[in-house]
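Inspection log for the structure reproduced underneath, given as structure tokens.
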Number of protein chains: 2
Amino acid sequence: MRDPIPLDLARLRRSCSECALGFLCLPAGVDAEDMARLDAVVRKRRPLARGGTLYRPGDALRSLYVASEGSFKTVVVSAEGEEHVLGFHLPGELFGLDAVGSGQHRCQAIALTDALVCELPFARLTEIAADLPSLQQQLLRVIGQSADRDHDHVDVLTRRQAGERIALFLQGLRERLTRIGRHGDEFQLPMSRDEIARYLGLALETVSRGFSRLQDDGVIEVHGRRVRILDPEALRRAASGGDCQGSSATRACDRA
Amino acid sequence: MRDPIPLDLARLRRSCSECALGFLCLPAGVDAEDMARLDAVVRKRRPLARGGTLYRPGDALRSLYVASEGSFKTVVVSAEGEEHVLGFHLPGELFGLDAVGSGQHRCQAIALTDALVCELPFARLTEIAADLPSLQQQLLRVIGQSADRDHDHVDVLTRRQAGERIALFLQGLRERLTRIGRHGDEFQLPMSRDEIARYLGLALETVSRGFSRLQDDGVIEVHGRRVRILDPEALRRAASGGDCQGSSATRACDRA
DNA sequence: CGCTGCGTTGACTTTTGTCAAGATTGGTGG
DNA sequence: CCACCAATCTTGACAAAAGTCAACGCAGCG
């Protein structure tokens, strides 16, 4: 049985030129000439096998990265050897910014699946940005969006209920998948329960139970890494602590 | 009894021209002429009373900010009315970047103490950066450092032991205070236990108990918001899960 | 000098982590 | 094509940690 996700559309939208333009040049007008100039800079579609490392702590800032195919995680390993997941990076999302502050990478980027990565040499990028104001704007905006994702992550992590964190995680994934032109309501998780747990600051068993609970409540359907969101509204409620202990999916909180 | 922190040195380093230059122009060579140009752009030392709001969600991106005096917090209020603290911003640390991604602020910035804020109009900043490469570099670097702080925050939040989070919080504060030329080993917290709790994703009682525990263990000395770090090495150990249940400060983990 | 807001501490409850045992899944090689 | 293996996921029982509720202490302020 082969992967049944409808990839046709998504695959098209992720051709490299579409990708580079799609994320760096969205609203602003960058003409064809400029585009060509940018395209020339981008080192295209470097392949990386699942589990492969793109960069590690201490590596000098060389490039920023966008996967055109496949997803990544960025992790740090604490003194005690615990792995903390700082972020998941879906196709089309810029990452590698962790080296911009100090000139060196602070974490390790690992492919969650076989992947193709577009590499954007940082020096070239800033060089071009200097005499291409619209690109400078876009670069800043994209960096800002990356910071927004970090803030979302922090916001999730400050929730004290495991159920809320898990629901928010799924909801966030749904939004991001939709944004990159994929189905947000039915998808394959690129990461393991353990990785989700390390991203959410929970034990992996707690994540597993959380998924089961949402399934029992009729909010989602899970088979391993395959997830379908059945009731987005209920998911939203679960994410807002609207727990209510009940098993009925559609029942609103009795109080109120 | 008046505030006994030795502020002389720190106060000097935070004069506005020193501030603007100190953080935007650190290593790169920016000549006096360029400096003057920058200085002209920075709107200086706007005063804000404790509890005052600098911007709120939905506000258009106008400026980036640096406090020359006083500290800030950035918060989001969740659907249920819970306040989550996304960051604390010490004097000399750039904030306000949460609007760069979307053009609108996503959180609220509130003064923790009476404060003086330097305002850096964003449009002007990028304008100047476009024909001043060294400033562009610095701007990116400073933005990167801000992202680094967010990553540190995430890293703290993914720890599952409250004691570790609290120790890491104090250690991070120590480092940041030192970096801005203040005493890292004896300081006054600008925020309440409740705010620390909302930053760390804990109950305020847990934070209070964590402080008491560190004090009992001889690691720190606390009187309300006044903190003295007695044993940095023990603090580091506490931050790395080196808990050992014991009460003796210097005793290493018995195993090992 | 008594408020009032913050911080601390204790007793108890709830949630989550831990340990351990199965169940599934996916991949590999016979 | 099937069987087996390893990795991953799920579930249960129990222990530990953190949250909640509540009372008290303390300091700064009017």
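All values derive from a computational prediction rather than experimental measurement. Chain letters run A, B, ... following the sequence lines, proteins first, then strands; residues in each count from 1.
A:I229 pairs in a side-chain contact (heavy atoms from CB on, under 4.5 Å) with only one of the listed residues (A:R174, A:H183, A:E186), which is A:R174.
Atoms CZ (A:R193) and P (C:dT24) sit 15 Å apart, rounded to a whole Å. Between the CD atom of B:E195 and the P atom of C:dG5 there is a distance of 15 Å, given to the nearest Å. C:dT18 atom C1' lies 14 Å from atom CG of A:D194, rounded to whole Å. Atom CD in B:Q188 sits roughly 13 Å away from atom C1' in C:dC6 (whole-Å rounding). Counting to the nearest Å, the C1' atom of C:dT16 and the CZ atom of A:R213 are 14 Å from each other. When rounded to the nearest whole Å, the span between CZ of B:R226 and C1' of C:dT8 equals 19 Å. The CE atom of A:M191 sits 11 Å away from the P atom of D:dC9 (whole-angstrom rounding). Atom CZ in B:R159 sits about 14 Å away from atom P in D:dA18, given to the nearest Å.
Using cut-offs of 30° and 60° for the angle between ring planes, the B:H105 and B:Y65 rings count as tilted. Between A:F72 and A:F95, the ring-plane angle classifies as tilted under the 30° and 60° cut-offs.
Between the CZ atom in A:F169 and the NE2 atom in A:H153 there is a gap of 9.0 Å [rounded to 0.5 Å]. Interatomic distance, A:L170 CG to A:F187 CZ, rounded to the nearest 0.5 Å: 5.5 Å. Atom CG of B:D231 and atom CZ of B:R237 lie 6.0 Å apart (nearest 0.5 Å).
Ion pair B:R198/B:E195 not flagged as a salt bridge, since none of the NZ, NE, NH1 or NH2 atoms sits closer than 4.0 Å to an Asp/Glu carboxylate oxygen.
When distances run from any side-chain atom of A:R50 to the nucleotides D:dT8, D:dC9, C:dT9, the shortest one goes to D:dT8.
An OP1 or OP2 oxygen of C:dG5 is reached within less than 4.0 angstrom by no side-chain nitrogen or oxygen of B:S192. The phosphate of D:dT8 has neither OP1 nor OP2 within less than 4.0 Å of any side-chain N or O from A:R225. Contact between the side-chain N/O atoms of B:S208 and the OP1/OP2 oxygens of C:dT9 is not found at any separation under 4.0 Å.
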TODO: Starting at the 5' end of nucleotides 19-27 of chain D, put B wherever the base has a protein heavy atom under 4.0 Å, S where only the sugar-phosphate does, and a dash everywhere else.
DONE: SBB------

